[in-house]
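Proteins come first, then strands; the chains are lettered A, B, ... in the order of their sequence lines, and each starts at number 1.
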There are 2 protein chains.
Amino acid sequence: MSTERRSTRQRAALIEALGTSLRFRSAQEIHADLRDAGSPIGLATVYRNLQNLAADGEVDQVRAEDGEVRYRACGSGHHHHHLVCRGCGRTIELTAPDVERWSEALGAEHGFTNVQHTLEVTGTCARCS
Amino acid sequence: MSTERRSTRQRAALIEALGTSLRFRSAQEIHADLRDAGSPIGLATVYRNLQNLAADGEVDQVRAEDGEVRYRACGSGHHHHHLVCRGCGRTIELTAPDVERWSEALGAEHGFTNVQHTLEVTGTCARCS
DNA sequence: GCGTTAGTGATAATCGTTTTCATGTTACTC
DNA sequence: GAGTAACATGAAAACGATTATCACTAACGC
Ligand SMILES: [Mn+2]
Ligand SMILES: [Mn+2]
Ligand SMILES: [Zn+2]
Ligand SMILES: [Zn+2]
């Protein structure tokens, strides 16, 4: 899905806003932050661009417990997981080769193909406890 | 949270409907199934009872990709994970002691306490491929 | 049976997200 | 630099799952 997207002021502002944050944030939070930072942008545009960026692999998205989707520009463009503080949102990227192998093997063992998985870890970071 | 809940016709019908299904189903699916099966019940009642059952550990709930919450009465009352067919919904319960240890250790290593995790595996089962 | 109180359900409200559609911009050609 | 077709934007309306309301019903303990 390599896409040629037009460069707009809004898209640039969104990418910059993402780049400067270490936390996962919802579309609405990001929208408010952009507004506060003096970059007027429509909410629908935030949603659209976040989805495009996610589809293009530029940002990660996770679904919070309450069902809201949160976005973050992660350092690695490759498959990884997250350890997220439930207090402050501080996020640490994790790789879990054992889990990758484990899920693949279990899928195969049960005759499943095209095996995917989701894995997220949460806790309270040192500063927050 | 061990709760003393009153036994009602609706609650009994819901528990029975859950017991006879192997798939994860949304509250609305379960509601429709109950109606079709001749057990009139309000949608709000389905939602309320499913949440109670989940809080009491009687049913598992997972969030689908589209954000919908799905429910299922699982065999084991203990912590486990799922391998779910994206085609037919067929579900296999998994335990992953290695993952349990891995997430605990990683949390501790980064100074996190009260570490929790979610892990779900999806794929296409033999029958569906 | 009675009273207390949790449970029910039709309906309205909530809220994150998506769609609509008229208008603004971008990228490209000449 | 125009001209232009396709894409992007955004205010507003629509959507859809879930939750809240509230008048009514039915369990439970006595
Ligand atoms: Mn993985
Ligand atoms: Mn586990
Ligand atoms: Zn923290
Ligand atoms: Zn299947």
Side-chain angles (χ1 to χ4, degrees), chain A residues 1-18 21 23-56 58-72 84 89 120, chain B residues 1-18 23-56 58-72 89 120:
Chain A
M1 306 299 111
S2 59
T3 26
E4 358 75 23
R5 313 217 115 104
R6 291 189 180 171
S7 82
T8 66
R9 186 199 85 238
Q10 292 87 341
R11 181 177 168 80
L14 178 56
I15 289 173
E16 194 199 329
L18 283 164
S21 171
R23 316 178 51 247
F24 276 90
R25 287 178 298 168
S26 70
Q28 313 220 33
E29 279 182 272
I30 294 170
H31 176 247
D33 289 353
L34 281 168
R35 279 281 163 91
D36 294 349
S39 288
I41 184 172
L43 181 56
T45 301
V46 173
Y47 273 104
R48 265 188 304 248
N49 277 296
L50 284 172
Q51 283 161 14
N52 289 342
L53 290 166
D56 296 350
E58 308 275 336
V59 303
D60 283 12
Q61 55 183 35
V62 302
R63 196 175 285 272
E65 300 232 338
D66 64 356
E68 243 190 4
V69 179
R70 296 222 161 77
Y71 302 86
R72 178 176 187 266
V84 180
E120 299 295 329
Chain B
M1 300 288 119
S2 59
T3 25
E4 359 72 23
R5 313 215 117 104
R6 291 186 181 174
S7 83
T8 65
R9 187 198 84 237
Q10 292 87 342
R11 182 177 167 83
L14 179 56
I15 289 174
E16 193 198 328
L18 283 164
R23 315 178 53 246
F24 276 90
R25 287 178 298 169
S26 71
Q28 313 222 29
E29 279 183 271
I30 294 170
H31 176 246
D33 289 353
L34 280 169
R35 279 281 162 91
D36 293 349
S39 287
I41 185 173
L43 181 56
T45 300
V46 173
Y47 273 104
R48 265 188 305 248
N49 277 296
L50 284 172
Q51 284 161 13
N52 289 343
L53 289 167
D56 296 350
E58 306 276 336
V59 302
D60 283 12
Q61 56 182 37
V62 302
R63 197 173 285 272
E65 300 232 337
D66 65 354
E68 243 190 5
V69 180
R70 295 222 163 77
Y71 302 85
R72 178 177 187 265
E120 298 295 330

5' precedence on DNA chain D between B/Gly67 and A/Ala44 (nearest-nucleotide basis) | A/Ala44
To the nearest Å, give me how far apart CD1 (A/Ile41) and P (D/dA11) are.
-> 11 Å
Determine whether any donor atom in the side chain of B/Arg9 lies under 3.5 Å from an acceptor atom in the base of D/dA26, or the reverse, and answer yes or no.
-> no
Interatomic distance where CG belongs to A/Leu34 and C1' belongs to D/dG10 [whole Å] | 14 Å
Ignoring hydrogens and geometry, is there a side-chain-to-backbone donor-acceptor pair from B/Arg9 to B/Ile41 under 3.5 Å?
-> no
Backbone of B/Arg72 reached by a side-chain donor or acceptor of B/Arg25 within 3.5 Å | no
Does D/dC7 have OP1 or OP2 sitting under 4.0 Å from an N or O in the side chain of A/Thr8?
-> no
Sidechain-backbone polar pair: B/Asp66 side chain, B/Glu68 backbone, donor-acceptor under 3.5 Å = yes
Distance in Å, A/Leu53 CG paired with A/Asp60 CG, rounded so as to fall on 0.5 Å steps = 11.5 Å
Examine D/dT18: is either OP1 or OP2 under 4.0 Å from a nitrogen or oxygen in the side chain of B/Tyr47? Give yes or no.
-> yes
Do the charged groups of A/Glu120 and A/Arg63 touch, with an N to O distance under 4.0 Å?
-> no
Short side-chain N/O contact from A/Asn49 to OP1 or OP2 of D/dT9, under 4.0 Å = yes
Starting at CZ of B/Arg11, measure out to CG of B/Asn52 and round the result to the nearest 0.5 Å.
-> 6.5 Å
Length of the CG-P vector between A/Leu50 and D/dT9, whole Å = 12 Å
Nucleotide nearest B/Ser7 (side chain, heavy atoms from C-beta), chosen from D/dA27, D/dT18, D/dA8 | D/dA27
Map A/Leu43 and B/Gln51 onto DNA chain D by nearest heavy atom, then report which one ends up closer to the 5' terminus.
-> A/Leu43
Boundaries of the chain A footprint along DNA chain C (any atom under 4.0 Å from a heavy atom) = C/dG16 to C/dA27
For D/dA8, take OP1 and OP2 only and decide whether either is under 4.0 Å from a side-chain N or O of A/Gln10.
-> no
Interatomic distance where CZ belongs to A/Arg48 and P belongs to D/dC7 [whole Å] | 14 Å
Specify the separation, in whole Å, of atom CG of A/Leu14 and atom P of D/dA8.
-> 14 Å
Ranking B/Arg6 and B/Arg11 by the position along DNA chain C of their nearest nucleotide, the one closer to 5' is B/Arg6
A/His31 NE2 to D/dA11 C1', straight-line distance once rounded to whole Å | 11 Å
